[in-house]
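Not measured: the values here are computed from a predicted model. Side chains included, hydrogens not; waters and symmetry mates left out as well; all remaining heavy atoms used.
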Amino acid sequence: MKKLLVTTIATGLLLVGCNSTKTSDKLASQSPIVTSIDLSKVINDKAPVTINPGRFTQETVTYRLPRVVQGTYSVSDFGKYVDDFKAFDYKGNELPTVKVDTNTWTIANATQLDYITYNTNDTFDQEVTGGIGGEAPFSPAGTNIEPTNYVLNLHGFIGYFDSLKDSQYSLDVTAPVDFKRTSALQETGKTVSKDGKLATSSYFAPRYFDITDNPMFYGDLDVEEFQVGDIKIVLSVYSPNKVHSAESIKAVMQKMMQAQKTYLGDINSTPRYDIYLYLSEGKPESPKGFGALEHHTSTVVVLGEDMPFEALAESMIDVVSHEFFHIVTPLSVHSEDVHYFDYNQPTFSKHLWMYEGVTEYFATLFQVDQDLVDSEEFYGDILGKIQTAANLNDSMSFTEMSENVLDEPYAPQYYNVYMKGALIGMCIDIILREESNGNRGILSLMKELSNKYGKNKPFEDDKLIEEITAMTYPSVGEFLNTHVVGGTPIDYSVYFKKVGLSLDTGKVKTNYIQNDGTLIFAPDRATMTIPFSEAVKDNSFWNDNGVLPGDVLKSVDGKELTLATAQQILTAMYMWQPGTDINVVLDRKGEEIVIKTKLTQSYTTGTKLVEDANATEAQKAIRQAWLKG
């Protein structure tokens, strides 16, 4: 999972907002569980679902929708979105059911159970109220039901029987015949109604995990395909106002993913990879959780439709590269907690530093390795992660946080997996380069782990660090035990010195809501306004345009700033690019100030990572191996 940076006004901080099941009871039948979703009968944003499990031998069975889904580290409670849950016997009579909790139903007289039905609400339009009875799922893990678009994260529609988690599933999805449809799930057939208006696509899933791991898009889609080596990439885009096209995004994705494939080398890949991009138009009922969720052979991305193309391209590179690298970990290298995932009461691995952190590090490093960015930009990205991580709990055990990620006080620290987690990966990479005279790095380590385990064999969580140490060097184990298991903060200058880098102060590029990682606003909770802070004096763009501390943001590009719109507007400002025309209205003690101009690059005074002119040849050689593999 990768969440895109957004601004959370309530705290005034910038936050990030990046498998099989154990066999239980014996199956009553080896036949697939027959399921269907009928998009032609949607009423009030609710789609009818039918589940036919075959015959049961036990008197009572339990059916669940997922409480938590893989790749997310928060509670989603998809059962909240289910209405009119009913069970029927073979004579068409309704059977008694009991709703045990938010996500769970029990059915008595189960030997007579023929099928169950219910309606599923979507999650996108519940985000404005925080969901039904609590927080809504992260948008890329959510669902959408509207006349022109259906985001079918199937874990939001189809549940599982406790006793049949390892059963095969068949799925029929019925929709208007003119709908475009893309699916990472294997399609087995397609039929058209007698009147030619509806088409039913049939799919097959070997087990429930494959239901949750293969999203679908239906509706008014823009679809492009291209090859990256032996992988077919299918890019499906939904842009409600046709602002962006799959064709324009295709070139960006093709260049990036070709570089990723080259960087990964002989790591096992998939014959097909789907990218589903939903562009939110910014309405109250539109999704707000920008970012992406990984699957074995696909990723679902949610971003803003009003983003300039350059900003959209940058965000797509950021989030899709992260998700694609998940084919290494946890998809190829993972613990028993991941392999035997419990959707109701999950346990979590201690190694989010690897699953999310190393993945994020790869997504950053490959760009300089493959000449997509220069070393100066790469250094800036690394330094940005250090600065952001410094605002989080730097002395918390990373393994302890990972294992307890749903609970306080660990849950608010989750974002650090993308910051300090990536930096942990960087430090291990540099240690390996130094110890091996540049011949080994963290990518080669992950390849070794992937060859040893692979997607069908989990490792033992408590033994991973011991195994990595045995596969590498004592210094790697010492680092992991000190800074990952233990809570000792990392002195990054030690590792920069190994590759001939040092920290310096000078003029650095910045964005339009921060100075070198620090917000330039001082949100006023009493007045519910967002004035600029004293820091605006050190932001060259705003300073050059005469903005003063205390000036209140009133509107941006015609959108009034309110509590409801603040997150969307400040996120858009964060993504601004030089050359963009802007129209900002400020309130200066009752006087209206208008700034209507073209953005220029903004600068501030800050810390930067530079190559040491006095670096030794050995340090330079390790740096070259680190940056270029």
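- Smallest separation of non-hydrogen atoms from Tyr355 and His326: O-CE1, 3.1 Å.
- Side-chain N or O atoms of Asn393 include one that pairs as donor or acceptor with a backbone N or O of Met396 at under 3.5 Å.
- Scanning all heavy atoms of the two residues, the minimum distance from Gly291 to Leu303 falls at N-CD2, 4.4 Å.
- With a 6.0 Å radius and a threshold of 12 heavy atoms from other residues, nucleotides or ligands, Lys447 has its NZ atom above the threshold.
- If you check the side chains of Thr347 and Asp337, you find a donor sitting under 3.5 Å from an acceptor.
- No salt bridge links Lys463 with Glu466; every basic N to acidic carboxylate O contact stays at or beyond 4.0 Å.
- Counting heavy atoms from C-beta on, the side chains of Glu360 and Asp318 come closer than 4.5 Å.
- The side-chain heavy atoms of Val547 and Leu586, taken from C-beta on, include a pair separated by under 4.5 Å.
- In the displayed structure, Lys255 atom NZ is contacted under 6.0 Å by at most 12 heavy atoms of other residues, nucleotides or ligands.
- Residue pairs meeting the salt bridge (charged side-chain N to carboxylate O under 4.0 Å, His left out) criterion with at least one partner in residues 298-309, sequence neighbours excluded, are Asp306-Lys559.
- For the residue pair Pro412 and Pro409, the shortest heavy atom distance occurs at CD-O, 3.4 Å.
- In plain terms, the two heavy atoms of Leu519 and Ser533 that are nearest each other are O-OG, 4.2 Å.
- The NE2 atom of His483 lies 10.5 Å from the CD1 atom of Ile428; values are rounded to the nearest 0.5 Å.
- There is a side-chain donor-acceptor pair under 3.5 Å between Ser602 and Asn539.
- Ring pair Phe362/Tyr263 is perpendicular by interplanar angle, where above 60° counts as perpendicular and below 30° as parallel.
- Residues satisfying the side chain to side chain donor-acceptor pair (under 3.5 Å) test with Glu400, not counting sequence neighbours, are Tyr410.
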* Stepwise ring pair (Phe, Tyr, Trp, His ring centres under 6.0 Å) check, Phe138 with Phe290 -> CA-CA 8 Å; Phe138 177 48; Phe290 292 174; 9.7 Å; no
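- Considering only heavy atoms from C-beta on, Ile233 stays 4.5 Å or farther from Met253 through its side chain.
- In this structure, the ring of Tyr512 has its center less than 6.0 angstrom from the ring center of Phe541.
- In the displayed structure, Glu336 atom CD is contacted under 6.0 Å by more than 12 heavy atoms of other residues, nucleotides or ligands.
- For the residue pair Glu611 / Tyr379, a side-chain donor-acceptor distance below 3.5 Å is found, with atom types taken as modelled.
- Judged by distance alone, the side chains of Glu448 and Asn451 never bring a donor and an acceptor atom under 3.5 Å apart.
- Checked by atom type, the side-chain pair Thr399/Ser402 shows no donor-acceptor distance below 3.5 Å.
- For Gln370 and Gln260, the side-chain atoms include no donor-acceptor pair closer than 3.5 Å.
- Side-chain polar atoms of Ser335 and Glu460 form no donor-acceptor pair below 3.5 angstrom.
- Side-chain contact between Val499 and Gln619 is absent, with no heavy-atom pair separated by less than 4.5 Å.
- The minimum heavy-atom distance between Gly282 and Ser286, with the atom names listed, is N-OG, 3.6 Å.
- Looking at Phe532 and Val552, their side chains never come closer than 4.5 Å, going by heavy atoms from C-beta outward.
- Ring geometry for His334 against His339 counts as parallel: the plane angle stays under 30°, on a 0 to 90° scale with 60° as the upper cut.
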* To do: Decide yes or no on side-chain hydrogen bond (donor to acceptor under 3.5 Å, both in side chains) for Gln514 and Asn511, but give the supporting numbers first.
  => CA-CA 6 Å; Gln514 293 173 304; Asn511 57 62; 2.7 Å; yes
* **Evaluation steps, side-chain hydrogen bond (donor to acceptor under 3.5 Å, both in side chains), between Asp461 and Ser349** => CA-CA 6 Å; Asp461 213 54; Ser349 170; 2.6 Å; yes
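- Under the 6.0 Å cut-off for aromatic ring centres, Phe325 and Tyr361 do not qualify, their centroids lying 6.0 Å or more apart.
- For the pair Lys608 and Asp504, the salt-bridge criterion is not met [side-chain N within less than 4.0 Å of a carboxylate O].
- A 4.5 Å side-chain heavy-atom check between Ser493 and Lys497 finds every atom pair outside the cut-off.
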* **salt bridge (Lys or Arg N to Asp or Glu O under 4.0 Å) between Arg440 and Asp429, worked out** => CA-CA 8 Å; Arg440 297 180 71 186; Asp429 198 11; over 6 Å; no
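- Residues Leu383 and Leu609 approach most closely at CD2-N, 3.8 Å, considering heavy atoms.
- For Asp516 and Thr518, the side-chain atoms include no donor-acceptor pair closer than 3.5 Å.
- Distance CG/Leu599 to CG/Asp581: 8.0 Å, rounded to 0.5 Å.
- Contact check on Asp462 versus Lys350 returns a salt bridge, with a Lys/Arg side-chain nitrogen under 4.0 Å from an Asp/Glu carboxylate oxygen.
- Asn515 and Asp538 share no side-chain donor-acceptor pair at under 3.5 Å.
- A 4.5 Å side-chain heavy-atom check between Leu365 and Phe378 finds at least one atom pair inside the cut-off.
- Environment of CD in Gln601: crowded, with over 12 heavy atoms of neighbouring residues, nucleotides or ligands closer than 6.0 Å.
- Contact of the Val252 side chain with the Phe309 side chain is registered, since non-hydrogen atoms from C-beta on lie closer than 4.5 Å.
- For the residue pair Glu467 / Tyr453, a side-chain donor-acceptor distance below 3.5 Å is found, with atom types taken as modelled.
- Using bins of under 30°, 30° to 60° and over 60° for the plane-to-plane angle, the ring pair Trp353/His351 lands in the perpendicular bin.
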* To do: Kindly determine whether Ser74 and Thr72 satisfy side-chain hydrogen bond (donor to acceptor under 3.5 Å, both in side chains), including the steps that lead there.
  => CA-CA 6 Å; Ser74 60; Thr72 66; 4.8 Å; no
